[in-house]
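Encoded as structure tokens, the structure appears first; notes follow it.
Just so we're on the same page: letters track the sequence lines, and every chain starts at 1.
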2 protein chains.
Amino acid sequence: MSKARLTVIDIAKAAGVSKSTVSLVLQGSPLVKEATRSKVNATMRELGYVYNRGAANLRQASARSGIIGVVVNDLTNSFFAELAVGVDTVVQSAGFVQFLSNTSENTDRQREVVASMREHGISGLIVSPARATDAADFKPLVASGIPVVVVVRSLPGARMSSIVSDNVGGVAMAVKHLVSLGHSRIAFLGGFPDTAVFAERRSGYRKAMDESGLKFDEELVVPSIPSRAGGVEAIGRAMTISDRPTGAVCFNDAVAFGVCDGLRARRMEPGRDFAVVGFDDVIEAKTAVPALTTISVDPQAMGRRAAHLLLKQINAGKADAENIIAAVRLVVRQSCGTGQSKPEGKLG
Amino acid sequence: MSKARLTVIDIAKAAGVSKSTVSLVLQGSPLVKEATRSKVNATMRELGYVYNRGAANLRQASARSGIIGVVVNDLTNSFFAELAVGVDTVVQSAGFVQFLSNTSENTDRQREVVASMREHGISGLIVSPARATDAADFKPLVASGIPVVVVVRSLPGARMSSIVSDNVGGVAMAVKHLVSLGHSRIAFLGGFPDTAVFAERRSGYRKAMDESGLKFDEELVVPSIPSRAGGVEAIGRAMTISDRPTGAVCFNDAVAFGVCDGLRARRMEPGRDFAVVGFDDVIEAKTAVPALTTISVDPQAMGRRAAHLLLKQINAGKADAENIIAAVRLVVRQSCGTGQSKPEGKLG
DNA sequence: TCAATAAATTGGAACGTTCTAAATTGCAAC
DNA sequence: GTTGCAATTTAGAACGTTCCAATTTATTGA
């Protein structure tokens with residue numbers, strides 16, 4: 001059907017110039033005369049020329065390949081989708097193309113995907129690592145001089161730039177908010193206990209409890225799968241404790257929604273009978289009933305920031321690792337009530 | 001820092017064979033002796049060789065580039081994220097790599113992204129077009145022999161394969177479900193009225209009303225932005241109608257959740273005081289309270305199917321356009337109640 | 001042992017671009 | 001008219017792979 005691919009030589013012939021000139025035009029070089037440039041451009045449009053980036057990358061350093069790889073661990077989680085969108089906006093406006101892949105928390109697939117991106121000559125990589133990723137997996141990549149920015153989950157041991165949100169500060173903020181509303185039995189619900197993020201958030205919980213002069217009770221931290229279903233389960237277990245909590249800060253918003261579901265199943269209304277705080281501020285947090293009080297991390301902003309950092313490193317040629325802790329803020333909505341009356345009086 | 005790139009020639013030298021042999025090994029050719037193959041593989045591992053796919057694509061037909069482009073119109077909508085994940089699973093297991101990009105409903109960006117993918121020599125493209133996409137935008141692509149599969153939204157006028165869900169059948173099913181529960185004033189809420197999908201779903205609504213012997217009342221279809229906020233707004237307007245509806249089928253699940261929010265704001269409990277049906281069956285539909293009765297389109301399955309179709313076309317070299325309507329099913333949960341008592345008695 | 005064949009390997013020419021260094025052109029000043 | 005210098009343009013050698021045709025090596029059958 002389609003004839004042989006059009007090359008720069010075909011364009012050159014048709015426009016009556018040399019292939020070098022066409023190449024110069026392609027690169028927007030100031031060396032070529034305006035008249036020539038427009039003539040060449042016209043011929044390209046006319047004949048329907050398609051640039052072959054693969055051939056170009058053969059000559060140019062891969063820093064100019066124009067592809068930014070983005071690898072996320074769970075695309076079905078809207079947090080990561082938002083993150084990718086944030087990266088995309090700045091990457092696109094810098095004239096790069098985003099190459100997004102999903103690992104579904106599978107380290108083998110992550111290896112494949114990263115290898116594949118490397119083969120395609122990416123200019124840089126932004127990665128939210130799968131659980132249990134070995135930092136050494138990225139060693140050869142950074143050794144070969146390709147900038148890498150790690151987001152969301154840090155990979156201790158590797159000399160790579162990273163951006164993670166302020167997990168300890170965020171949870172501490174949430175706990176203190178509940179304390180200010182009069183709560184003293186505060187649970188920490190959800191999350192996989194073997195992850196760095198969990199450890200950080202838990203330590204923020206402990207820190208804030210200590211600083212508020214409240215007793216840290218191991219019973220009050222109940223891990224679970226960090227999902228809505230996990231939240232239902234976690235609140236279930238939390239309610240079996242003899243000295244029941246009156247509020248909880250949750251590992252993330254999904255867990256928090258699950259906790260709300262679980263409370264309703266027990267005929268308790270979240271925000272009135274029990275205070276719940278989430279973490280992430282996913283889009284639904286605003287519109288849920290009750291609207292969720294949560295720690296906002298703004299995944300899009302995080303993505304944009306990661307992209308800027310990566311672009312900086314790409315342009316600098318070689319940059320030293322930079323580790324950023326993204327600030328986080330408490331968004332007060334309805335899920336903790338007004339704190340007017342004593343929460344104890346509402347239980348039962 | 002890093003020395004010059006390792007090439008197939010370096011490996012050849014180190015392993016004591018010719019570059020051609022190394023190339024053969026790379027391609028898994030049966031022509032090379034087992035002993036040689038393992039020797040070469042060992043050297044590659046040892047020296048840390050990275051395959052340069054760009055150079056390879058220069059020689060091979062782009063059908064072998066191994067990249068599948070996926071373009072979606074809104075990555076922040078989990079429906080499309082799920083779709084992409086579905087595509088990814090089959091694409092990966094076929095040894096291809098997915099190249100996902102987001103257009104955010106912007107046709108200009110869509111053009112850029114598609115052009116960029118073309119430059120990178122994709123083997124095929126799966127696209128969920130941005131609103132108001134001109135089918136002609138894809139003409140040059142298909143003319144050049146690259147297989148394209150359109151998903152979710154059809155592009156009338158173009159000779160491309162497509163997979164869309166059974167919009168008219170789905171909504172009709174939902175309406176008849178409500179009718180069987182005793183409802184007769186049924187609204188159709190949400191959606192942009194200028195889209196093909198809206199037209200199809202609306203026509204399914206009308207068809208089912210007619211077939212059930214119920215009066216089609218223009219007042220009962222109230223469009224809105226297809227989001228949670230849009231749902232709140234739509235139910236608000238629907239409740240101002242003199243002869244109020246007692247149930248609604250919604251443009252999608254997001255709208256349905258918004259409708260639930262709006263009902264609660266009016267002190268009505270969805271599933272008890274008003275029946276609501278969604279469309280899409282997003283993950284939250286199962287765990288929401290009340291669990292949402294909805295039309296399930298299984299985006300992952302749709303993605304897998306699109307990927308299979310695309311791979312078939314890639315392998316066939318040239319395939320004629322195939323248009324698939326993906327079956328859809330009604331998932332009954334709690335948001336329509338049991339239908340035991342007359343819904344009219346519950347209003348007020 | 002020697003053909004005859006099969007199996008395995010190989011050199012060199014592509015592929016479509018960029019880059020370097022050199023050649024050509026234009027133009028102002030002599 | 002030259003000359004000099006800047007502005008444009010260009011030929012040809014890369015880049016790292018695959019493919020073709022040809023060569024070398026192993027295996028078989030007499």
Can you sort out the partners of [X] under side-chain hydrogen bond (donor to acceptor under 3.5 Å, both in side chains), two or more places apart, ordered by chain and number?
X      : value
A/D298 : none
A/N77  : none
B/S104 : B/N102

Nucleotide [N], atom [atom2] - distance to [atom1] of [X] in whole Å:
X     : N      : atom1 : atom2 : answer
A/R59 : D/dG12 : CZ    : P     : 16 Å
B/M44 : D/dT17 : CE    : C1'   : 13 Å
B/Q60 : D/dC20 : CD    : C1'   : 15 Å

Listed pairs under 3.5 Å, donor-acceptor, residues 14-24 of chain A side chains, sequence neighbours left out:
residue	atom	partner	partner atom	Å
A/S18	OG	A/S20	N	3.3
A/S18	OG	A/T21	N	3.3
A/S18	OG	A/T21	OG1	3.3
A/S23	OG	A/Q27	NE2	3.0

* With A/R111, which residues qualify under side-chain contact (heavy atoms from CB on, under 4.5 Å), at least two apart? -> A/T107, A/D108, A/D137
* Structure fact -> Sequence neighbours excluded, the answer for side-chain contact (heavy atoms from CB on, under 4.5 Å) partners of B/R305 is B/I163, B/I324, B/A326
* To do: Using five pairs at either end of the helix from C/dT1-D/dA30 to C/dC30-D/dG1, determine the angle between the two local helix axes and round it to 10 degrees.
  => 40°
* Using heavy atoms and a sub-4.0 Å distance, could you list which residues of residues 20-39 of chain B are near DNA chain D? By number, please. => B/S20, B/S23, B/Q27
Sequence neighbours left out, cut at 3.5 Å: what donor-acceptor pairs do the side chains of residues 86-93 of chain B make with other protein atoms?
residue	atom	partner	partner atom	Å
B/T89	OG1	B/G86	O	2.7
B/S93	OG	B/T89	O	3.3
B/S93	OG	B/V90	O	3.1

* **Positional range of nucleotides in DNA chain C within the contact set of chain B, heavy-atom, under 4.0 Å** => C/dA8 to C/dG16
* What pairs meet the salt bridge (Lys or Arg N to Asp or Glu O under 4.0 Å) rule with one or both residues in residues 120-135 of chain B, with sequence neighbours excluded? -> B/E105-B/R131
* **Selection residues 45-60 of chain B - residue pairs positive for salt bridge (Lys or Arg N to Asp or Glu O under 4.0 Å), sequence neighbours left out** => A/E119-B/R53
* Structure fact -> Whichever of A/G16 and B/Y51 has the more 5' nearest nucleotide on DNA chain D, that residue is A/G16
* Structure fact -> Paired with B/M117, the side chain to side chain contact (heavy atoms under 4.5 Å, CB included) test is passed by just one of B/I146, B/V127, B/V71, B/V70, namely B/V71
